[in-house]
Amino acid sequence: KHGVSVGTVLQALGKHSLLSAFLGSFGNKFIVTGDRVELVTQPPKASDTQQILTQPLKKIPEDTAVEVVSVTISVGLKLPTKNVDSESVSLRVNTSETVRAVKDSVAAFALVPFTERSLYLDGVALMDDQPLSECGVTNEAQLEFSACGSEEAVVAQLLDIVKSHGPLSKVDLDNYYCSRHGVPAGDALRMLGWGEKLLPFVQRCRCFSVKGSCVSLAEGAEVPVAPAVERTENQRLVDLHEELCADDFQLQVAKALDAIAQCISESTFLNVRRVVPGGAVAKGVSIPGAAGAELVMFLDGLPHARQDSWLASLAPCVASTLAEQLGDLPGILGASASKGVVTLATESLLGDVRIFFAPEYASYSEALAALHGQTLEMRAYG
């Protein structure tokens, strides 16, 4: 109705709590039962009011210390495809609060829907039922919050909602998930990294039955549980991927390839229209020792047909020119040609850079027409 979810509005107001907790604080206006919210239409009975007023007040223990402290909490997510370290959040918390309550507040503030959460102080995991005062949390303490997200966890959350409310439309399922976990189910799926929308996701899950846009439980539906061995192995592979494909390394090889492309364009005798990076460097999946750097040079003035005939003589000429023009530059070892492809050997992170050549086409249809006229042997060159 207003363009944003209620959770986003609460966050903007500084209310770091879930919607159910926020509504529950207005007990005289709302009745919150599970995921169901109702307005209070009848005033409390006089007998109930009298009973409340006559109840003795609970005595607060004299040795209970109430202290509000400021803590900085770094938020991290462990996902099937990668580990994500988001920005740190600063919260003011009461030392009498339990670890579980703080984890819920952090999850609501950082919009983390996954319920498998841990809170660490100096690398030690804190127990859920312990008050912060007993955990050694003091003012200006540095804490670490970690949440583990998985496909099985999202399926279990969706199953619980459908079990509670019966068959739901995709929109209602998404809204109930947002009400319970702070973000829409579609956002939770995007966090997992699959790029999958909610309806296709539940369609491929055997525990759901989807007819049109109505989602219900399939017969004998059970909550899937990922074996611990699979989770451990998957985490090991995620850690290995992060080690091999560090962001700073990807940035370094991309800049190095851009520099090589500029040098080649300025040194060659060819009429270069544009240079397009390719290979693993362009895809952002390079690894040290095997960067997989490629360049495609689109040239003006070359015939569109019979590329196998002119590439075989063009590539050695370009390799000879590059070896002469770039041979004195630091890190350049030499250039060679084979089957219409020039290989520039370097001592940089890029290693060997493969250079391909193609004629510049005026339009996409022109390129398709030229491709249609080539044999399979000719296509290996272009």
Side-chain angles (χ1 to χ4, degrees), residues 1-12 18-20 34-37 75-87 106-117 146-227 230-231 234-235 237-238 241-242 245 247 282-285:
K1 185 173 184 179
H2 300 288
V4 296
S5 65
V6 182
T8 304
V9 176
L10 292 179
Q11 183 181 0
L18 295 177
L19 176 58
S20 57
D35 292 331
R36 187 176 181 85
V37 181
V75 181
L77 296 179
K78 294 182 179 180
L79 305 174
T81 55
K82 59 183 177 180
N83 291 340
V84 179
D85 294 324
S86 61
E87 297 181 359
V106 175
F109 183 85
L111 300 180
V112 177
F114 310 115
T115 55
E116 188 175 340
R117 307 161 183 163
S146 176
C148 184
S150 65
E151 183 174 309
E152 292 78 16
V154 176
V155 171
Q157 291 172 329
L158 294 174
L159 270 175
D160 189 46
I161 293 173
V162 177
K163 285 181 178 178
S164 301
H165 301 280
L168 297 169
S169 68
K170 188 265 295 185
V171 175
D172 288 339
L173 180 60
D174 204 20
N175 290 338
Y176 276 121
Y177 188 95
C178 182
S179 173
R180 182 176 294 188
H181 301 290
V183 301
D187 290 353
L189 292 178
R190 279 190 287 274
M191 290 183 187
L192 295 180
W194 304 140
E196 193 172 13
K197 294 186 177 180
L198 178 58
L199 192 58
F201 175 77
V202 296
Q203 284 176 335
R204 69 176 177 84
C205 294
R206 296 182 179 180
C207 49
F208 295 107
S209 175
V210 182
K211 294 182 180 179
S213 61
C214 182
V215 181
S216 59
L217 292 179
E219 292 187 12
E222 295 181 358
V223 178
V225 179
E230 291 185 6
R231 180 182 294 273
N234 185 70
Q235 185 60 44
L237 295 176
V238 169
H241 179 270
E242 287 191 339
C245 302
D247 291 339
K283 297 176 181 177
V285 292

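No hydrogens, no waters, no symmetry mates; every other heavy atom, side chains included, goes into these values.
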Where do Tyr177 and Ala188 come nearest, in terms of heavy atoms and distance? OH-CB, 3.6 Å
Got a sec, which residues hit side chain to side chain contact (heavy atoms under 4.5 Å, CB included) with Cys178, two or more places apart in sequence or on another chain? Ser5, Pro184
Do the non-hydrogen side-chain atoms of Pro80 and Glu151 ever get within less than 4.5 Å of each other? no
Mark yes or no for whether Asp174, through its side chain, and Ala185, through its backbone, hold a donor-acceptor pair below 3.5 Å. yes
What is the distance from atom CZ of Phe201 to atom CG of Leu158, rounded to the nearest 0.5 Å? 6.5 Å
Got a sec, which residues hit side chain to side chain contact (heavy atoms under 4.5 Å, CB included) with Leu168, two or more places apart in sequence or on another chain? Ile161, His165, Asp172, Leu173, Tyr176
What is the minimum heavy-atom distance between Phe208 and Val162, and which atoms define it? CE2-CG2, 4.0 Å
Identify the two heavy atoms, one from Leu192 and one from Ser150, that lie closest to each other, and give their separation to 0.1 Å. CD2-N, 3.7 Å
Listed by chain and number, what are the salt bridge (charged side-chain N to carboxylate O under 4.0 Å, His left out) partners of Asp187, not counting sequence neighbours? Arg190
What closest approach, in Å, do Leu217 and Lys163 show between heavy atoms, and which atom pair accounts for it? CD1-CG, 3.4 Å
Run the side chain to side chain contact (heavy atoms under 4.5 Å, CB included) test on Arg117 and Val106 for me, step by step, so that the C-alpha distance in whole Å, both residues' side-chain angles and the decisive distance to 0.1 Å come before the verdict. CA-CA 10 Å; Arg117 307 161 183 163; Val106 175; over 6 Å; no
Which atoms form the tightest heavy-atom contact between Gly182 and Leu111, and what is the distance? O-CD2, 4.0 Å
Residues at least two apart in sequence or cross-chain that pass side chain to side chain contact (heavy atoms under 4.5 Å, CB included) with Val171, listed by chain then number, are Ser169, Asn175
Looking only at heavy atoms, which two atoms of Gly212 and Leu199 are closest? And how far apart? O-CD2, 4.3 Å
Separation between SG (Cys148) and CG (Leu79), nearest 0.5 Å, reads 8.0 Å
Look only at the side chain of Gln157 and the backbone of Pro113, and say whether a donor-acceptor pair between them is shorter than 3.5 Å. yes
If the condition is side chain to side chain donor-acceptor pair (under 3.5 Å), which residues does Gln203 pass it with, not counting sequence neighbours? none
